[in-house]
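These values consider heavy atoms only, across backbone and side chains, with no hydrogens, waters or symmetry-generated copies.
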Amino acid sequence: MNPDDPLLQILACPLDKGPLHLVPPDEALYNPRLRRRYPIVDGIPQLLPASGEQVSDDEHEDLLKRCTGGSTKVPGTPGTAS
């Protein structure tokens, strides 16, 4: 899966139905609103609610930077640091 994959436009978090962000290099999809990471196994996103993993504050900041290329602000996500 790559950042330009049209599949990313339709994938949604199974809990809040909001958009997910690809964490390079293709290791996970991330929901910054709920701070949940969903793994990608053999190229297949694991989007069952039980597959998601809650992340710590430090890991959240790291994932935001990786999703956005260095920024800690994800467009459309209120409450993230600038």
Checklist outcome for this item: The complete set of ring pair (Phe, Tyr, Trp, His ring centres under 6.0 Å) pairs with one or both residues in residues 36-59, sequence neighbours excluded, reads none
Item to check | For the student: nearest non-hydrogen atoms of Pro45 and Gly43, plus distance | outcome: CD-O, 3.7 Å
Item to check | Nearest atoms (heavy-atom pairs only) where Arg66 meets Pro24 | outcome: NH2-O, 3.0 Å
Just list the side-chain donor-acceptor pairs under 3.5 Å for residues 47-57, sequence neighbours left out, or say none.
unit_1: Glu53; atom_1: OE1; unit_2: Arg37; atom_2: NE; d: 3.1
unit_1: Glu53; atom_1: OE1; unit_2: Arg37; atom_2: NH2; d: 2.1
unit_1: Gln54; atom_1: OE1; unit_2: Arg36; atom_2: NH1; d: 3.4
unit_1: Gln54; atom_1: NE2; unit_2: Leu34; atom_2: O; d: 2.8
unit_1: Gln54; atom_1: NE2; unit_2: Arg35; atom_2: O; d: 3.4
unit_1: Ser56; atom_1: OG; unit_2: Glu59; atom_2: N; d: 3.2
unit_1: Asp57; atom_1: OD1; unit_2: Arg35; atom_2: NH1; d: 2.5

Checklist entry - Got a second to check how far Leu29's CG is from Ile40's CD1, nearest 0.5 Å? => result 4.0 Å
Checklist entry - How far does CG of Asp58 sit from CG of Leu63, to the nearest 0.5 angstrom? => result 11.0 Å
Item to check | Set of side chain to side chain donor-acceptor pair (under 3.5 Å) partners for Asp16, sequence neighbours left out | outcome: Asn31, Arg33
Item to check | Sequence neighbours excluded - side-chain hydrogen bond (donor to acceptor under 3.5 Å, both in side chains) pairs with any residue from residues 39-48 | outcome: none
Checklist entry - Does the side chain of His21 reach to within under 4.5 Å of the side chain of Pro32, using non-hydrogen atoms? => result yes
Checklist entry - What's the verdict on side chain to side chain contact (heavy atoms under 4.5 Å, CB included) for Leu8 and Leu22, showing C-alpha distance, side-chain angles and the deciding distance? => result CA-CA 8 Å; Leu8 282 175; Leu22 182 63; 4.0 Å; yes
Checklist entry - What residues form a side-chain contact (heavy atoms from CB on, under 4.5 Å) with Ile10, not counting sequence neighbours? => result Leu7
